[in-house]
Amino acid sequence: MSKFLYITDQDEYTDHSFIGPLFQKYLTKHFDINTTYFSKVKTKIEIEDDGRIIIPENLKNNIIKELSNSGIDLYEYQFVVIRNSTDLLKEVLKQKEKYNFKVGFRLSFPKRIAKLQTDEANNKKTLFDVISNKIQTYSEIYLINECDIFLPTSFQMKNDYFKDVKIRTFVIPSAIDPDVLQSNIQHEGSEKRFFYAGTLDKLREFETILEAFSNISSSNYKLMISTKDPEYLDDLLNEFSNLRDNIEIHDAKTRNELLELIALADVGLSPLPDIALFNSSTPMKVLDYYSSAVPCIMSNNENNASIFEDNVSAWFTNFDEQSIKEKLEYIISLSKEEVAQVGINGQKRLLDVRNYKRIADDLAHQLNIL
């Protein structure tokens, strides 16, 4: 079986819903896989029984050399894939010819571009930032074109930000694990329970969703929120005192805790502003919702429309207060059974088209024909 090294940009304790099922579960049916993570506390490289390699953070800049010094035979690997970090990619490409492995670059999310747009939303973007971004993007494209395969989250992401990448491209979207589906726990109350999970910042304009809730005609709902930005949320809620009795704030520490909370909800929330950054891929929270057959309100964009059907497997909305308000009121008017059926339809659709097992099989085929 061919050996495969996946160099992530993640901390050793990351509870990652993408890397685990795809690279450490389903792809192991095709390759002997090692996955690297970084540690802020460890002082030497450790190889675990499950194939994970934990690397001290201070050794990151010479990763190939340090792996070799630790007794790892890099000549055995047929494939090396780097996740997101072009600094790590640069180090690997220097050794590509020596070790004769194929190199792939995985782009899960354009983090630097996201930061630039967040700075713009906060009025912090400067001309220097814009110029620096263009230079870095040019450099990244050059490095990616030195690889054997490019693995973005969507073709739209590539076309929006890396259209000059010319090498073979295979899209790896976010998906659900068919072996890890949660039961949707139907609560006894008559209210509709809406759930929001994830980041809160100016770029995501969560206040637009709160404005929609504050103006709906019914009070027969709960808005459940779990975020790692509690101070930002508190500041927002100070402006919506009329919502206090309808809001529950949670602090899910792990992904399992988050999934347990989602399973208690009726509807997931994922409307996002109409910008390329958010329209180019399906947010991970959407996959988390549907893993529990919890249907989702999401942005009305081309990416979502290619997967879901409005009012059948999801609910689409434009990102403005009135559109979101009307969609919320419509969902509150539905029976629990009608809402649950949309979740069942959406989960079935994802199992058909966004299934980690199927993606792993297709990726293995792409790698083996390089």
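We number each residue from 1, following the sequence as shown. Everything numeric in this text was worked out from a predicted model, so none of it was measured.
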Item to check | Thr137 vs Ile135, side chain to side chain contact (heavy atoms under 4.5 Å, CB included): CA-CA, chis, key distance, verdict | outcome: CA-CA 5 Å; Thr137 300; Ile135 293 170; over 6 Å; no
Item to check | Step-by-step salt bridge (Lys or Arg N to Asp or Glu O under 4.0 Å) determination, Lys3 to Glu76 | outcome: CA-CA 6 Å; Lys3 294 201 70 172; Glu76 292 184 349; 3.4 Å; yes
Checklist entry - Stepwise, does the side chain to side chain donor-acceptor pair (under 3.5 Å) test hold for Ser291 with Gln347? => result CA-CA 7 Å; Ser291 70; Gln347 187 184 84; over 6 Å; no
Next on the checklist: Could you go through Ile45 and Leu59, starting from their C-alpha distance and side-chain angles, then the distance that decides it, and tell me whether this counts as side chain to side chain contact (heavy atoms under 4.5 Å, CB included)?
Outcome noted: CA-CA 9 Å; Ile45 292 176; Leu59 302 183; 4.1 Å; yes
Item to check | Derivation and outcome, side chain to side chain donor-acceptor pair (under 3.5 Å), residues Asn34 and Tyr77 | outcome: CA-CA 10 Å; Asn34 289 113; Tyr77 291 98; 2.6 Å; yes
Next on the checklist: Determine whether Lys192 and Val267 satisfy the following criterion, side chain to side chain contact (heavy atoms under 4.5 Å, CB included), listing intermediate values before the conclusion.
Outcome noted: CA-CA 8 Å; Lys192 296 296 191 306; Val267 180; 5.6 Å; no
Checklist entry - For Gln156 and Asn159, what are the C-alpha separation, side-chain angles and deciding distance, and is it a side chain to side chain contact (heavy atoms under 4.5 Å, CB included)? => result CA-CA 5 Å; Gln156 188 172 343; Asn159 293 336; 5.6 Å; no
Item to check | Asp361 vs His30, side chain to side chain donor-acceptor pair (under 3.5 Å): CA-CA, chis, key distance, verdict | outcome: CA-CA 8 Å; Asp361 293 343; His30 303 275; 2.7 Å; yes
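Follow the hydrophobic side-chain contacts under 4.5 Å out from Leu22 and you reach Ile307 in the same cluster. Linking ILVMFWY side-chain heavy atoms closer than 4.5 Å, directly or via other members, places Ile324 and Ile225 in a single hydrophobic cluster.
Judged as a ring-ring contact (aromatic ring centres under 6.0 Å, His included), and not counting sequence neighbours, the contacts of Tyr290 are Phe308. Residues meeting the side-chain contact (heavy atoms from CB on, under 4.5 Å) test with Glu12, sequence neighbours left out: Tyr37, Ser39, Val41, Lys42, Ile54. Take Glu326 and apply the side-chain contact (heavy atoms from CB on, under 4.5 Å) test, not counting sequence neighbours, and it matches Gln322. With sequence neighbours excluded, the residues forming a ring-ring contact (aromatic ring centres under 6.0 Å, His included) with Phe79 are Phe31, listed by chain and number. For Asp234, the side-chain hydrogen bond (donor to acceptor under 3.5 Å, both in side chains) test picks out no residue, with sequence neighbours left out. By the salt bridge (Lys or Arg N to Asp or Glu O under 4.0 Å) test, Asp9 is found to be paired with Arg83, Lys111, residues two or more places apart in sequence or in another chain being considered. When the side-chain contact (heavy atoms from CB on, under 4.5 Å) test is applied to Thr86, the partners found at least two apart in sequence or on another chain are Phe105, Glu140, Leu143.
For residues 237-285, the set of pairs meeting the ring pair (Phe, Tyr, Trp, His ring centres under 6.0 Å) definition, not counting sequence neighbours, is empty. Listed by first and then second residue, the ring pair (Phe, Tyr, Trp, His ring centres under 6.0 Å) pairs involving residues 133-157 amount to none (not counting sequence neighbours). Identified under the ring pair (Phe, Tyr, Trp, His ring centres under 6.0 Å) test for residues 190-214, with sequence neighbours left out: Phe194-Phe213, Tyr196-Phe206, Phe213-Tyr221. The list of side chain to side chain donor-acceptor pair (under 3.5 Å) pairs with a residue in residues 59-75, not counting sequence neighbours, reads Glu57-Lys60.
Judged by distance alone, with hydrogens and angles left aside, the side-chain atoms of Ser270 form no donor-acceptor pair with the main-chain N or O of Pro283 at under 3.5 Å. Under the 3.5 Å distance criterion, the side-chain polar atoms of Arg354 are left unmatched by any main-chain donor or acceptor of Pro173. Between the Tyr289 side chain and the Leu269 main chain, a donor and an acceptor come within less than 3.5 Å of each other. Although no hydrogens or angles enter the test, the distance criterion places no donor-acceptor pair under 3.5 Å between the side chain of Tyr330 and the main chain of Lys325. Glu338 places a side-chain N or O within 3.5 Å of a backbone atom of Ser335 that can act as its donor or acceptor partner. Between the side chain of Ser323 and the main chain of Phe319, no donor-acceptor pair closer than 3.5 Å is present. For Asn215 (side chain) and Glu211 (main-chain N/O), a donor-acceptor pair under 3.5 Å exists by modelled atom type. Asn145 places no side-chain N or O within donor-acceptor distance of the main-chain N or O of Val165, the cut-off being under 3.5 Å. Checked by atom type and distance alone, the side chain of Tyr161 pairs as donor or acceptor with a backbone atom of Leu277 at under 3.5 Å. Under a 3.5 Å cut-off, the side chain of Arg106 and the backbone N or O of Ile172 do form a donor-acceptor pair.
Taking a 6.0 Å sphere around CG of Asn100, one finds it holds 12 or fewer heavy atoms contributed by other residues, nucleotides or ligands. Heavy-atom neighbours of Lys336 NZ from other residues, nucleotides or ligands within 6.0 Å: above the threshold of 12. Crowding of Lys96 atom NZ: a count of heavy atoms from other residues, nucleotides or ligands under 6.0 Å exceeding 12. Atom CG of Asp245 sits in a sparse spot, with 12 or fewer heavy atoms from other residues, nucleotides or ligands closer than 6.0 Å.
For the pair Asp266 and Lys222, the salt-bridge criterion is not met [side-chain N within less than 4.0 Å of a carboxylate O]. Using a 4.0 Å cut-off between charged side-chain N and carboxylate O, Asp160 and Lys158 make no salt bridge. Contact check on Lys25 versus Asp177 returns a salt bridge, with a Lys/Arg side-chain nitrogen under 4.0 Å from an Asp/Glu carboxylate oxygen. In this structure, Lys327 does not pair ionically with Glu329, as no charged nitrogen and carboxylate oxygen lie closer than 4.0 Å. Here Asp362 does not pair with Arg358 in a salt bridge; the nearest charged N to carboxylate O distance is not below 4.0 Å. Salt bridge status for Asp201 with Arg204: present, with a side-chain N to carboxylate O gap under 4.0 Å.
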Could you pull out all donor-acceptor pairs under 3.5 Å where a side-chain atom in residues 293-303 meets a protein atom, sequence neighbours excluded?
residue	atom	partner	partner atom	Å
Ser299	OG	Leu272	N	2.8
Ser299	OG	Leu272	O	3.1
Asn301	OD1	Asn303	N	3.2
Asn301	OD1	Asn304	N	2.8
Asn301	OD1	Asn304	ND2	3.4
Asn301	ND2	Asn279	OD1	3.0
Asn303	ND2	Thr282	OG1	3.0

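Remark: Asn242 CG to Ser219 OG distance equals 11.0 Å, nearest 0.5 Å. Taken from OG in Ser292 to CG in Leu258, the straight-line distance is 9.0 Å, to the nearest 0.5 Å. Interatomic distance, CG of Leu350 versus CG of Leu287, reported as 6.0 Å (0.5 Å rounding).
Residues Tyr6 and Phe23 place their aromatic rings such that the two centres sit under 6.0 Å apart.
Checking Thr199 against Lys228 by side-chain atom types alone, no donor-acceptor pair falls below 3.5 Å.
Of all the heavy atoms in Cys147 and Leu93, the pair that sits closest is SG-CD2, 4.3 Å.
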